[in-house]
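Worksheet for the structure shown next.
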Amino acid sequence: SSLRELMDTDNYILQDFSIEMAGIWREVNTIPLLVEIARIAEPELSVYQKTIDALSFMQSEEIFSHAEDMFRFQEDARVSFAEILGHYPYDKSEEILIKNLYKEKDRDIVTLCAWGLSNIFSLKGAEAIKEVADKGKINPEMITLNEILLPIYIYHKLPVPDWMRVENHHHH
């Protein structure tokens, strides 16, 4: 409870510190408050990144009870929640990320959902990613399709398709 009080403070050094500790100690009861802070924090402030990191460390399935809400927020929040879910190797993350991969209009968020799926080595995700990539919805300046799919193929010991082998030769 003292941690929660510190998170609510106007003293941003104490706030940053308490958020960091909540993540390190995996204080799951702070998740709702962290979600709230992530929702309103300016992305360029350190408190924002600390909040995202803390939520990524939690590894608690309680995150999923907030996920639906999370994706209703403004663009910056959706970006970070795609990132957070990429740290949760659960079926539920896979389900939410795939759903948002299809639903999302913003290319960067689609790309981050794809990255999240790659980070949890989602085989189902690989199919969905190829589908949206064919429609040009992956932003290659953020991360290439190869970089997204390769970890999944390697993790599941699948043969790497030919098109992935040749794609990168045109960089001189």
Side-chain angles (χ1 to χ4, degrees), residues 1-90 92-101 103-122 125 129 132 137-152 155:
S1 62
S2 57
L3 210 51
R4 283 211 292 255
E5 272 164 48
L6 286 175
M7 282 184 188
D8 252 343
T9 178
D10 291 334
N11 179 327
Y12 66 92
I13 294 173
L14 281 177
Q15 191 185 36
D16 274 10
F17 173 75
S18 59
I19 289 170
E20 214 168 325
M21 287 298 105
I24 291 168
W25 295 331
R26 295 191 172 170
E27 287 295 333
V28 175
N29 60 344
T30 62
I31 288 179
L33 185 54
L34 286 167
V35 168
E36 195 43 43
I37 294 170
R39 191 170 74 84
I40 59 178
E42 297 292 324
E44 48 284 349
L45 297 181
S46 68
V47 63
Y48 180 79
Q49 195 51 53
K50 291 244 181 1
T51 304
I52 301 311
D53 292 344
L55 285 167
S56 297
F57 286 146
M58 291 290 174
Q59 292 300 306
S60 156
E61 299 203 24
E62 204 207 311
I63 197 82
F64 299 128
S65 60
H66 300 279
E68 288 303 313
D69 278 348
M70 289 172 172
F71 277 99
R72 286 198 199 102
F73 299 146
Q74 70 274 27
E75 185 184 331
D76 296 319
R78 299 204 310 276
V79 163
S80 47
F81 295 127
E83 192 181 319
I84 291 165
L85 291 177
H87 293 280
Y88 282 79
Y90 297 99
K92 189 85 179 124
S93 314
E94 178 177 65
E95 193 186 302
I96 297 166
L97 285 167
I98 289 174
K99 191 174 92 183
N100 284 288
L101 189 74
K103 212 175 71 174
E104 193 52 68
K105 307 261 182 288
D106 185 297
R107 245 176 119 205
D108 289 358
I109 299 174
V110 173
T111 306
L112 271 168
C113 288
W115 172 85
L117 287 161
S118 168
N119 215 41
I120 58 175
F121 306 114
S122 164
I129 290 163
V132 298
K137 288 178 93 177
I138 300 288
N139 178 356
E141 310 206 323
M142 280 176 80
I143 183 170
T144 66
L145 192 56
N146 267 3
E147 290 170 304
I148 293 169
L149 292 177
L150 205 54
I152 302 175
Y155 180 83

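One is the number of the first residue; the rest follow in order along the sequence.
Across all non-hydrogen atoms, the minimal contact from I120 to S93 is CD1-CB, 4.0 Å. A pairwise comparison of heavy atoms in S18 and L3 identifies O-CD1, 3.7 Å as the closest pair. When every heavy atom of P89 is checked against every heavy atom of Q59, the shortest pair comes out as CD-OE1, 3.6 Å. Residues Y48 and A38 share a closest heavy-atom pair of CE1-O, 3.5 Å. Closest heavy-atom contact between Q15 and I37: NE2-CD1, 4.2 Å. Between T51 and L34, the closest heavy-atom pair is CG2-O, 3.1 Å.
Here the side chains of I98 and E94 are in contact, with some heavy-atom distance below 4.5 Å. Using a 4.5 Å cut-off on side-chain heavy atoms (C-beta onward), L101 and K137 make no contact. Side-chain atoms of H66 and I31, non-hydrogen and from C-beta on, do get closer than 4.5 Å to each other. By the 4.5 Å heavy-atom criterion applied to side chains, R78 and N100 are not counted as neighbours.
Salt-bridge formation is not detected for the pair E61/K92: no Lys NZ or Arg NE/NH1/NH2 atom is positioned less than 4.0 Å from an Asp or Glu carboxylate oxygen.
The aromatic rings of Y88 and F64 lie perpendicular to each other, with more than 60° between the two planes, well past the 30° mark.
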